Amino acid sequence: MKPILSCSLLLCAAALTPAAFAQGDYPAKAITIVVPFSAGGGVDAMARLLAEKLRASLHQTVLVDNKPGASGMVGAAAVSKAAGDGYTLLLGSAGETSINPLIYKSRMQYQPQRDLAPIGLVARVPNVLVANPGLPVGNLAELAAYAAKHPGKLSYATSGVGNPQHLNGELLQSVLGVKMQHVPYKGASGQLVDVASGAVDLTFVSYAGAAPFLKGNRVKALAVTSAKRTSFAPEIPAIAETPAAKAYDLENWFGVFAPAKTPAAIQVRLSEAIAAALKDPDLARRLREQGGEPEPMTQAQFRDFIARESAKYARIVEAAHILPE
């Protein structure tokens, strides 16, 4: 019997290695979701809504930590270098995980494909193309005709070079065969104020950002950038409804990432918790109020989604010759 007892003890000891204990006991302390943008914005709101639901499903405190800077790269870099124990996560967007590596190659302090593990998509966030109320166009077809008659005259604002809004503008010019002036800003509020005043003609912005200006008739909505109309603003047509732009489909999106060295068992635990949270009707409703379309995905589905989106962004960046400021 002694060999059997000895073997059992060895098996127990192996099962209680630090790694095995950490995974089996996860989460044993507070989890932090890093938001690579300032507090008070749409991304921050989305992170706090998700954290609230994850607290209930993971039975643990979930905190939100804002680390803005360098087009989201400061926060993303911090998570990529964090311990791979499942206690530091990133709510990342298309920008810092898919687009920035195409544009800011020499400034990147991390490589998303190598250093970050995709855990789960939270929401797709289409932008809304809005215009100054005095611009003599009421839909995208009229905008295309006006832009063709006035090449280079129209201007469109975005929140920076190389972000999804900028790519929205470059793709629109490409599919319509028109030329507009790009005016990069450092925040959505400035963009909208200047479109409302007529200093800039157009802007691409999240629906949550545009909503107060739309309700006050300070700007008018022409189209959304998703392939189809959204669930939260079905009255706004999709760009793709215009025949000349039928292939148009370019959204921002947000998902959770962990340091790449995070154990697979913890990644699966987090992925399942996120998917379960997104099926909560209350969270889905509140995300839609923020201009997002919640979409639960498995890890494999999220990886495939990122690959498809990254390839789309790469084609636009290359065709438009987008360079950092």
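Along the sequence shown, residues are numbered consecutively beginning with 1. Keep in mind that this is a model prediction, so the values were computed, not measured.
- Side-chain atoms of Thr203 and Gln191 include a donor-acceptor pair closer than 3.5 Å.
- Between Asp249 and Thr225 the shortest side-chain heavy-atom distance does not fall below 4.5 Å.
- The OH atom of Tyr104 sits 4.0 Å away from the OG atom of Ser71 when rounded to the nearest 0.5 Å.
- With respect to Glu289 and Arg286, no salt bridge is recorded, no charged nitrogen being found less than 4.0 Å from a carboxylate O.
- By the 4.5 Å heavy-atom criterion applied to side chains, Ile103 and Val317 are counted as neighbours.
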Start with the C-alpha gap between Val62 and Ile33, add the side-chain angles, then the distance that decides, and say whether side-chain contact (heavy atoms from CB on, under 4.5 Å) holds. CA-CA 7 Å; Val62 182; Ile33 299 176; 3.7 Å; yes
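- Between Arg229 and Glu241 a salt bridge is recorded (basic side-chain N to carboxylate O distance below 4.0 Å).
- Atoms CG and OG, on Leu250 and Ser226 in that order, are 10.5 Å from each other to the nearest 0.5 Å.
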Review item, side-chain donor-acceptor pairs of residues 262-275, under 3.5 Å, at least two apart:
residue	atom	partner	partner atom	Å
Thr262	OG1	Pro259	O	2.7
Gln267	OE1	Gln299	NE2	2.9
Gln267	NE2	Thr262	O	2.8
Ser271	OG	Ile119	O	3.2

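- Between Arg124 and Glu293 there is no salt bridge, since none of the side-chain N atoms of the basic residue sits less than 4.0 Å from a carboxylate O of the acidic one.
- At a cut-off of 3.5 Å, with distance as the only test, a side-chain donor of Arg288 or Ser231 sits close to an acceptor on the other residue.
- Of the possible donor and acceptor atoms, one in the side chain of Ser155 sits under 3.5 Å from a partner among the backbone N and O of Asp201.
- Closest approach of Tyr313 and Ala94 over heavy atoms only: OH-CB, 3.4 Å.
- Closest non-hydrogen pair, Ala76 versus Pro36, comes out as N-CB, 4.3 Å.
- More than 12 heavy-atom neighbours from other residues, nucleotides or ligands sit within 6.0 angstrom of NZ on Lys312.
- Pro126 and Thr230 get closest at one heavy-atom pair: CG-CG2, 3.7 Å.
- Note: Ile31 CD1 to Asp85 CG = 9.5 Å, rounded to the nearest 0.5 Å.
- Remark: side-chain polar atoms of Glu251 are not paired, donor with acceptor, to backbone N or O of Asn127 under 3.5 angstrom.
- A donor atom on one side chain and an acceptor atom on the other are found under 3.5 Å apart for Ser159 and Gln165.
- Of all heavy-atom pairs between Phe254 and Ser93, the closest is CE2-CB, 3.3 Å.
- No side-chain heavy atom of Val34 sits under 4.5 Å from any side-chain heavy atom of Asn66.
- Leu129 has its side chain within reach of Leu143: a pair of non-hydrogen atoms, C-beta onward, lies under 4.5 Å apart.
- Going from atom CZ of Arg303 over to atom CZ of Arg308 covers 13.5 Å, rounded to the nearest 0.5 Å.
- In this structure, Leu91 and Val122 have side chains that are in contact, with non-hydrogen atoms separated by less than 4.5 Å.
- Salt-bridge formation is not detected for the pair Arg48/Glu52: no Lys NZ or Arg NE/NH1/NH2 atom is positioned less than 4.0 Å from an Asp or Glu carboxylate oxygen.
- A side-chain donor from one of Tyr185 and Asp194 sits under 3.5 Å from a side-chain acceptor of the other.
- Follow the hydrophobic side-chain contacts under 4.5 Å out from Leu102 and you reach Trp253 in the same cluster.
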Hey, mind stepping through Leu287 and Leu283 against side-chain contact (heavy atoms from CB on, under 4.5 Å) and telling me if it holds? CA-CA 6 Å; Leu287 287 173; Leu283 178 59; 3.9 Å; yes
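- Closest non-hydrogen pair, Leu89 versus Ala258, comes out as CD2-CB, 3.8 Å.
- Shown here for Gly86 and Tyr26, the closest heavy-atom pair between the two residues is O-OH, 2.5 Å.
- Inter-residue side-chain proximity for Leu202 and Leu222 is flagged as met; some heavy-atom pair is nearer than 4.5 Å.
- The cluster map of Ile, Leu, Val, Met, Phe, Trp and Tyr, joined by side-chain heavy atoms under 4.5 Å apart, puts Val193 and Val219 in the same cluster.
- Under the 4.5 Å side-chain criterion, counting only non-hydrogen atoms from C-beta, Thr158 is in contact with His182.
- Sparse packing is recorded around NZ of Lys179, with 12 or fewer heavy atoms of other residues, nucleotides or ligands lying under 6.0 Å away.
- Note on Val35 and Val74: separate hydrophobic clusters, where clusters join Ile, Leu, Val, Met, Phe, Trp and Tyr whose side-chain heavy atoms are under 4.5 Å apart, directly or indirectly.
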Just distance, no hydrogens or angles: give the donor-acceptor pairs under 3.5 Å from side chains in residues 131-140, sequence neighbours left out.
residue	atom	partner	partner atom	Å
Asn132	OD1	Gly134	N	2.7
Asn132	ND2	Val195	O	2.8
Asn132	ND2	Ala196	O	3.2
Asn139	OD1	Ala141	N	3.2
Asn139	OD1	Glu142	N	2.8

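- For the ring pair (Phe, Tyr, Trp, His ring centres under 6.0 Å) condition, the pairs that include at least one residue of residues 255-290, sequence neighbours left out, are Phe257-Phe302.
- The structure places CD of Glu295 at 8.5 Å from CD of Gln301, a figure rounded to the nearest 0.5 Å.
- Between the side chain of Tyr248 and the backbone N or O of Ala238 there is no donor-acceptor pair closer than 3.5 Å.
- A tilted orientation is assigned to the rings of Tyr156 and His166, their planes being inclined by 30° to 60°.
- To the nearest 0.5 Å, the span separating CG on Leu50 from CZ on Arg55 amounts to 9.5 Å.
- Considering only heavy atoms from C-beta on, Ile322 comes within 4.5 Å of Val161 through its side chain.
- Under a 4.0 Å N-O distance rule, the pair Lys53/Asp282 qualifies as a salt bridge.
- Side-chain N or O atoms of Lys81 include none that pairs as donor or acceptor with a backbone N or O of Asp115 at under 3.5 Å.
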Mind running side-chain contact (heavy atoms from CB on, under 4.5 Å) on Tyr87 and Thr32 for me, showing each step along the way? CA-CA 6 Å; Tyr87 293 102; Thr32 297; over 6 Å; no
Evaluation steps, side-chain contact (heavy atoms from CB on, under 4.5 Å), between Lys215 and Phe213: CA-CA 6 Å; Lys215 290 175 183 176; Phe213 287 77; over 6 Å; no
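- Ring geometry for Tyr207 versus Phe232: interplanar angle of 30 to 60°, hence tilted.
- For Glu318, the CD atom sits in a loose shell: 12 or fewer heavy atoms of surrounding residues, nucleotides or ligands are nearer than 6.0 Å.
- Between the side chain of Ser174 and the backbone N or O of Glu170 there is no donor-acceptor pair closer than 3.5 Å.
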